[in-house]
Protein chains: 2
Amino acid sequence: MSPRPKIGLDLTTILEAAGVLADQLGIQEVTLANLAKNLGIRPPSLYNHFDGLPGLRKKLAIYGIDKLYSRMADAAIGVSGTEAVLAVSQAYVNFAREHPGIYEATLLAPDPEDVDVQQAGAKIVDLSVRILQAYRLEGESALHAVRGLRSILHGFSSLEQRGGFKMALDLDESLVIIIKAFLAGIAGDSPTTTD
Amino acid sequence: MSPRPKIGLDLTTILEAAGVLADQLGIQEVTLANLAKNLGIRPPSLYNHFDGLPGLRKKLAIYGIDKLYSRMADAAIGVSGTEAVLAVSQAYVNFAREHPGIYEATLLAPDPEDVDVQQAGAKIVDLSVRILQAYRLEGESALHAVRGLRSILHGFSSLEQRGGFKMALDLDESLVIIIKAFLAGIAGDSPTTTD
DNA sequence: TATTTTAACTAATGATATTAGTTAAATCAA
DNA sequence: TTGATTTAACTAATATCATTAGTTAAAATA
């Protein structure tokens, strides 16, 4: 009958297609039906590559976290102190802007406690710890500061994405002001590096 | 045949049931099928009360925003300055903890630009503006500060809900430290009220 | 009391994820 | 090179949804 070409899909290709789908139509449109259609195969064939929709969601989450981490790590090269935090923050927010669906998937793993998901996320936490080390925070203060930075970055990105900021007011400017205020507050105005 | 008792449901009852469902099983389990089962009616009957699943999501979002606003406004009574911001912040986070599903619904309206949704959200923005007025920010600074506070509160709540904070470190303490740092940063350490 | 509105219903449709079992292409070992 | 195995596609079938259309009886109203 019809030829069954055995396309030979690999997981990366599938995840990229899922990412495009997420960014273009939103995460809720990343269905096995839509994904299969875009790939030119039938929905059940996808089960050869991952364990159903939850499996896809998990893999897409890790895929997205890794991508986000790359962008942050890139931005952190060759900078330090406030400059580094600002660069990494802008990279974070820009990633969420360019890849709203993938960013959303990042926080949508079926089980956030999953070891693989945790491991991917840990790299981002570690990076945050490192760029905040310039502020010489003592003991637990550094950990609280990491939580604060992540809260700001995720909250800002999420609210921007959902149209939460209605005022006619430059968004990038807001981010810089918010980050600077937070850093000034935790450092008592004494970062350890030259700015 | 079987009696058709005409229960006489009103929208509030339905939204409360939907809220319980959201908090107990997660927002993705707030289906017309589940909701109808909990209410003792058949799914199509729900269409007499709202316009399908998108209609329910919109009404649940507004319902949640109103509830959240009430809690924040309550917390703001009789306090000012840093104390007010902290009280409102804790109310916000506690609401998200107690009602994770309703909180999630708050940001899940099908159309965030919808007038009714905007109107509900505006009350929260206004409240934020008022409690930050103690810091005497000039011009646009106040608006940037509101964005910062909202980013922190939403980011913190969302990340806590999704298991984003793994460290063995007191969460309430983190929130207080983060808010205080942010306020110190935007105020240059000069809130206008007695603390 | 008669009419209208309301809130439930049944029946049917289409989209979805998922499972089971099948088949042929690709890979690999002898 | 050939035979066996693995892999990646498939068809068919099922269950769960949301949704629409059309119906009916209870409740409200005139």
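Side-chain atoms are counted along with the backbone in the values below, which use heavy atoms only and exclude waters and symmetry mates.
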Between B:Ser158 and B:Arg162, is any side-chain donor less than 3.5 angstrom from a side-chain acceptor?
yes
Integer-rounded Å distance: D:dA28 P and B:Lys6 NZ
8 Å
Ring-face cation contact, A:Phe95 with A:Arg71, 6.0 Å cut, 45° max
no
Could you check whether B:Tyr92 and B:Phe156 have their ring centres less than 6.0 Å apart?
no
Note: A:Arg57-A:Asp111 ion pair, threshold 4.0 Å (strictly below):
no
Protein-nucleotide distance (A:Leu56, atom CG; C:dT16, atom C1'), rounded to Å:
14 Å
Electrostatic pair B:Lys58:B:Asp114 at N-O distance under 4.0 angstrom:
yes
Output the rounded distance in Å from CD (A:Gln28) to P (C:dA17).
12 Å
Roughly, in whole Å, what's the span from CG in A:Leu39 to C1' in D:dA8?
13 Å
Spacing of A:Ile7 atom CD1 relative to D:dT7 atom P, expressed in whole Å:
18 Å
Can B:Lys67 and B:Glu16 be counted as an ion pair, charged N to O under 4.0 angstrom?
no
Residues in contact with DNA chain D, drawn from residues 40-55 of chain B - heavy-atom cutoff 4.0 Å
B:Pro44, B:Tyr47, B:Gly52, B:Leu53, B:Pro54
Protein-nucleotide distance (B:Leu25, atom CG; D:dT16, atom P), rounded to Å
16 Å
Separation of A:Asn34 atom CG from C:dG14 atom C1', in whole Å?
14 Å
Atom pair distance, as rounded to whole Å: CG in A:Leu32 and P in D:dC10:
14 Å
